[in-house]
Every structure is written in C-alpha cells, then in structure tokens.
Protein chains: 2
Amino acid sequence: MYAQCDVLYEGRAASTLETGNYLIIHKGDGSIQIQAGDKTMPRNYQGSGATLERREHILISRRKSETLTITIHKIHQIVYLPNWSVAEITIVRTEKDLVNKLFKNWIDYIDGDFEMVKTEFPTSLGPVDLAGIEVDDHHHLVEVKRGNISIQNISQLNRYVSAVRDAGKVVSGYIASPKIGCRARAYCESLGFRYLLLDF
Amino acid sequence: MYAQCDVLYEGRAASTLETGNYLIIHKGDGSIQIQAGDKTMPRNYQGSGATLERREHILISRRKSETLTITIHKIHQIVYLPNWSVAEITIVRTEKDLVNKLFKNWIDYIDGDFEMVKTEFPTSLGPVDLAGIEVDDHHHLVEVKRGNISIQNISQLNRYVSAVRDAGKVVSGYIASPKIGCRARAYCESLGFRYLLLDF
DNA sequence: TTATGGATTTCGTGG
DNA sequence: CCACGAAGTCCATAA
C-alpha cells in the first residue's frame, strides 16, 4: 500500500515517523515494513510472525512486546502481489567457505604435528572457528573472517585463546582473512597472535 | 516493479536467486532492493549511489565494485510512487540516551573524587563511552549498552581498560545497561569489572 | 525460548 | 575514502 500516513513504534525503543507518503509492505509471514524514498532499510518494521489488526484507518502490527501503529490519512494505491516467491538466495564467498578452505588445506597454513583439526571448537567463552590439536596437546586456535580484520575481531580471538589457556593448555592464536589493516595488525602482534592471509 | 525475474550478484560475495516473482524497489537515491514474499530483509540489494542501467530486459545496478544483474522474464506490474517522502524517524531509548543519563547523574552511580567526566573518551584501542578521572588520576571507564550485555560487550570493555592500564593509569572498569545475563555477569566479575544497572 | 555470532550486514560519525 | 561502533539491527543455528 502506498499511502500518506504516520507511524508510531513502541517496544525495545520508541519512535515516531512524521506524516508523509510511504510504501507499506505486508507479507504472508506477517512481517511488515514502512519504506521511505531513500536507503535500503525500512523506517519501521516488524518481523515474521507479527499480527496485523485493522481499526478503521489505523493499522496495528503486534509482535511479542512490540507494537507498530500506522495511521492512514490517504490511500494512494493498493497492490496485491499474487504468487510472491519465497525462494532463498544461494551465496558463495561466505566465512563458512573460508573456514572449509583452511580446514581442507590446514597443513599449508599451520606447522605442527596434528592429531586432529576441528571446526566450531567449543571454549568456555564461545566456539572458535577452527582448532588444531597437536599430539602433545598444544592447541592452535584460528578465528576466520571474510572481510577486513577489525580490532574487535582480534579481541574475539583473544577471548577464546584466554579461555583455553585458563583451562591449562598451551595455545597459539591465529587470525585468518583476506585483509587486515595496520592498526588491527599491530594489536594482533602485541597479543602474540599470527595473521594468516586466507582468501577465496 | 513486480516481475518474474532472476538475480545475479557479484561483489564482496556472489549470489544467485532463482527465477520467481519478486518486488523490485528502485529509489531516488539509486538504491535498489529485491524483496521476496517473506522476511524483512531484501534477498538482494544495492545501497545509495548505485547507478541503474537498462539493456533490453536486463537491469544492471552498479556501485563501487559490486554489480546486481536482474533479468526480467515477465513484468506483472510497474508502479511509480510520486512525492515519496524521505523523512527520518525520531527515536528514543537509544544507547546515547543512556550515556547522557549516566553522564548527568554520574555521582549517583560511581564513587570517587572526580576532576572531570568525559564521553567518547579516546583510548589507543578505540573510544570508551564514558570516562571519569579522579584528582589522583584514577580512571573509571564505563561502557554502556542499551540491551542485554553479551560476553562480547565485556570483552570490548576489557580492551579499553587494558589499553588505558598499559598507558600506566590505575583503572576501574564498569559495564552499564538495563540487563545482564549470568554468563556475561560471571565473565565481568572474573575480569574485576563492576556491573551498573542503568535503565531508561 | 534464549543465547551466540555472521552479514554482500546497513548506517552514521569522525578522521 | 577508510575505520570504527551502534542498531528496535536481522537472521540462522544451537543449546
């Protein structure tokens, strides 16, 4: 529906959208979004499973503890979209692809006498992407990223390494990605971790 | 445009969307998105500043190193939205609101003989939300979150505290938010930080 | 249902 | 233009 309307949101936060002409999209899964004339993200939205109620010229979408109230002032156009597809996209070059590449070519990247290599290796502070365990129990933990490495990513690796170290293991830490900036690189080295260039 | 089409994406990653009926939204800022019949997020998209080129029944949207290729098989409907508004929403209960509340009521939350309190206090590993500096140079760093505290949030605070500590200061760390889980709480205390209940 | 982390995250701000 | 961090992030997955 393309309409002149205003929108109130009340839930985790609260927001108001002034009266204007917006595109309101309501889908079969209950999700609803109010799109304005620029940017990708909707101004307001409600996720799958929301329920829509109509009271005169007011639309109310509820979901858990969140409420979206759309006051319609003038309907410009209503369009129904028959047989709207719900196919998913197939995507490549994700982080998972990089993890698999490193997993299959482990010995090309990391030296050691390995007993096993695991993905999603659990630590007390969350799972690390890859872990290689040597016969002498030396742990090699690798955190993989598909994009540029940030300081936060190094921090995340540090968390996992600390967790396993606190569990009494000898640990080496690695961050692997196609790119890293000099700031993150410096932080990486200051914590004693190694950077692995890993691309698609 | 509501059309039967398929979509190819090539850029940071690459994806294919099988032929189906999708809603294609092209906005005045150049952004474009392909919406399917469920979920809030578009299946494919291109941000502001993209350029759209038409070659027969193929649409090509380019932006930096990214290309979206939409092959139109059958146009079901084309709709123009005149006077589409670009108003922004006004939102409350953001992290900024919480930071301001703590800034204005600092003494109600943190004990000490403070010389100054600053927001966005710079450290060598990024800016921390709030920093109070006592007359004896003791630094109190506070990271604020609007939602539930995660282990990552504690890790972020740890990064800032470490940075200032490495600069030779005496530092206390605090995480402030309306909510915290027991796992994050335990990690917080294990690092010697304090949790501040701070809500709207 | 909650928690944890990825994402073509998007978006805003500041350097 | 990059770099960094918030977001009502959304979203999938595992516990």
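What's counted below: heavy atoms across the whole structure, side chains too, no hydrogens, waters or symmetry copies. Remember, predicted model here, so these are calculated numbers, not experimental data. Throughout, protein chains are lettered first and strands after them, A, B, ... in sequence-line order, and every chain is numbered starting at 1.
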A.B. asks: Which of residues 11-33 of chain A sit near DNA chain C, with a heavy atom under 4.0 Å from it?
C.D. replies: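 Close to the strand, none.
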
A.B. asks: Whole Å only: how far is the CG atom of B/Asp97 from the P atom of D/dA6?
C.D. replies: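 Atom-to-atom, B/Asp97 to D/dA6, this comes out as 15 Å.
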
A.B. asks: Applying ring pair (Phe, Tyr, Trp, His ring centres under 6.0 Å), can you list everything that pairs with A/His139, at least two apart in sequence or on another chain?
C.D. replies: A/Phe121

A.B. asks: Any base atoms under 4.0 Å from B/Leu98, or only sugar-phosphate, or nothing? Heavy atoms, all strands.
C.D. replies: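 Answer is nothing: B/Leu98 stays at 4.0 Å or more from every strand.
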
A.B. asks: Looking only at heavy atoms, what is the nearest atom pair of A/Leu196 and A/Tyr109, with distance?
C.D. replies: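 Taking A/Leu196 first and A/Tyr109 second, the nearest heavy atoms are CD2-O, 4.0 Å.
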
A.B. asks: Taking all atoms of both residues into account, what is the closest heavy-atom pair of B/Arg146 and B/Leu98, and its distance?
C.D. replies: CA-CD1, 3.7 Å

A.B. asks: So how far is it from B/Ile24 CD1 to B/Ile70 CD1, rounded to the nearest 0.5 Å?
C.D. replies: 4.5 Å

A.B. asks: Take atom CG of A/Leu68 and atom P of D/dG8, then tell me their distance rounded to the nearest Å.
C.D. replies: 13 Å

A.B. asks: Do the side chains of B/Glu95 and B/Lys145 get nearer than 4.5 Å, heavy atoms only?
C.D. replies: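 Side chain of B/Lys145 against side chain of B/Glu95, heavy atoms only: contact under 4.5 Å found.
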
A.B. asks: Assess whether one donor atom and one acceptor atom, taken from the side chain of A/Gln46 and the base of D/dG8, lie less than 3.5 Å apart.
C.D. replies: yes

A.B. asks: Which residue pairs satisfy the salt bridge (Lys or Arg N to Asp or Glu O under 4.0 Å) criterion with at least one member in residues 30-54 of chain A, sequence neighbours excluded?
C.D. replies: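 Every pair satisfying salt bridge (Lys or Arg N to Asp or Glu O under 4.0 Å) with a residue in residues 30-54 of chain A: A/Asp38-A/Arg43, A/Lys39-B/Glu88, A/Arg43-B/Glu88, A/Glu53-A/Arg55, A/Glu53-A/Arg62.
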
A.B. asks: Identify, residue by residue, the members of residues 140-163 of chain B with a heavy atom below 4.0 Å from DNA chain D, and return them in order of residue number, or none.
C.D. replies: B/Glu143, B/Lys145, B/Arg146, B/Gln156, B/Arg159, B/Tyr160

A.B. asks: Taking atom types as modelled, find out whether A/Ser150 and A/Asn153 have a side-chain donor-acceptor pair closer than 3.5 angstrom.
C.D. replies: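 Looking only at side-chain atoms, A/Asn153 and A/Ser150 do form a donor-acceptor pair, the distance falling under 3.5 Å.
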
A.B. asks: Can a donor-acceptor pair be found, under 3.5 Å and without considering hydrogens, that links the side chain of A/Asp97 to the backbone of A/Thr94?
C.D. replies: yes

A.B. asks: Looking across every strand, which nucleic acid part, if any, lies under 4.0 Å from B/Arg63 by heavy atom: base, sugar-phosphate, or nothing?
C.D. replies: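 It contacts nothing in the nucleic acid.
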
A.B. asks: At what distance, to the nearest 0.5 angstrom, does OG of B/Ser177 lie from CG of B/Asn148?
C.D. replies: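 Output value for this atom pair is 6.5 Å.
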
A.B. asks: Taking for each residue the nucleotide of DNA chain D with the nearest heavy atom, is it B/Thr94 or B/Lys64 whose nucleotide lies nearer the 5' end?
C.D. replies: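 The residue mapped nearer the 5' terminus is B/Lys64.
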
A.B. asks: Give every pair of a protein N or O atom and an N or O atom of nucleotides 11-14 of chain D that lie under 3.5 Å apart, one pair per line with the distance.
C.D. replies:
unit_1, atom_1, unit_2, atom_2, d
D/dC11, OP1, B/Thr40, N, 2.9
D/dC11, OP1, B/Met41, N, 3.0
D/dA12, OP1, B/Lys39, NZ, 2.6

A.B. asks: The criterion is side-chain contact (heavy atoms from CB on, under 4.5 Å); which residues satisfy it with A/Ala167, sequence neighbours excluded?
C.D. replies: none

A.B. asks: Reading DNA chain C in the 5' to 3' direction, which nucleotide is the first one with an atom under 4.0 Å from a heavy atom of chain B, and which is the last?
C.D. replies: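 Contact boundaries, 5' end first: C/dA3 to C/dT10.
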
A.B. asks: Given the rule in the salt bridge (Lys or Arg N to Asp or Glu O under 4.0 Å) test, do B/Glu10 and A/Arg93 qualify, once you have shown the distances and angles that lead to the verdict?
C.D. replies: CA-CA 10 Å; B/Glu10 173 62 42; A/Arg93 286 189 230 158; 2.6 Å; yes

A.B. asks: Quick one: list whatever passes ring pair (Phe, Tyr, Trp, His ring centres under 6.0 Å) with A/His73, sequence neighbours left out.
C.D. replies: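 Listed in chain order: nothing, the list is empty.
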
A.B. asks: How is B/Glu95 classified with respect to the nucleic acid when contacts are heavy atoms under 4.0 Å: base, sugar-phosphate, or nothing?
C.D. replies: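 It contacts sugar-phosphate atoms only.
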
A.B. asks: Can you list everything that forms a salt bridge (charged side-chain N to carboxylate O under 4.0 Å, His left out) with A/Lys179? Sequence neighbours excluded, please.
C.D. replies: none

A.B. asks: Is it true that the side chains of B/Asn44 and B/Ser15 contain a donor and an acceptor less than 3.5 Å apart?
C.D. replies: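 Yes, a side-chain donor-acceptor pair sits under 3.5 Å.
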
A.B. asks: Go nucleotide by nucleotide along DNA chain C from the 5' end; which of B/Arg43 and A/Pro127 gets its closest nucleotide reached first?
C.D. replies: A/Pro127

A.B. asks: According to ring pair (Phe, Tyr, Trp, His ring centres under 6.0 Å), who are the partners of B/Phe114, at least two apart in sequence or on a separate chain?
C.D. replies: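 B/Phe114: ring pair (Phe, Tyr, Trp, His ring centres under 6.0 Å) contacts with B/Trp106, B/His140.
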
A.B. asks: Provide the full list of ring-ring contact (aromatic ring centres under 6.0 Å, His included) pairs with a residue in residues 14-70 of chain B, sequence neighbours left out, each pair given once.
C.D. replies: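 Not a single pair qualifies under ring-ring contact (aromatic ring centres under 6.0 Å, His included).
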
A.B. asks: Can you list, in residue-number order, the parts of residues 181-200 of chain B that come under 4.0 Å of DNA chain D, counting heavy atoms only?
C.D. replies: none

A.B. asks: D/dA7 P sits how many Å from B/Ile91 CD1, rounded?
C.D. replies: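 About 8 Å, once rounded to whole Å.
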
A.B. asks: Could you verify whether a donor N or O on one side chain and an acceptor N or O on the other, from B/Ser155 and A/Ser155, lie under 3.5 Å apart?
C.D. replies: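 A pair is found: one side chain offers a donor N or O, the other an acceptor, under 3.5 Å apart.
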
A.B. asks: Using atom C1' of each nucleotide, how far apart are C/dT9 and C/dG5 to the nearest Å?
C.D. replies: 12 Å

A.B. asks: A/Leu125 CG to D/dA15 P: how many Å, rounded?
C.D. replies: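 Going from A/Leu125 (CG) to D/dA15 (P), I get 17 Å.
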
A.B. asks: Expressed in whole Å, how much space separates the P atoms belonging to D/dC10 and C/dG12?
C.D. replies: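 Straight-line distance between the two P atoms is 16 Å.
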
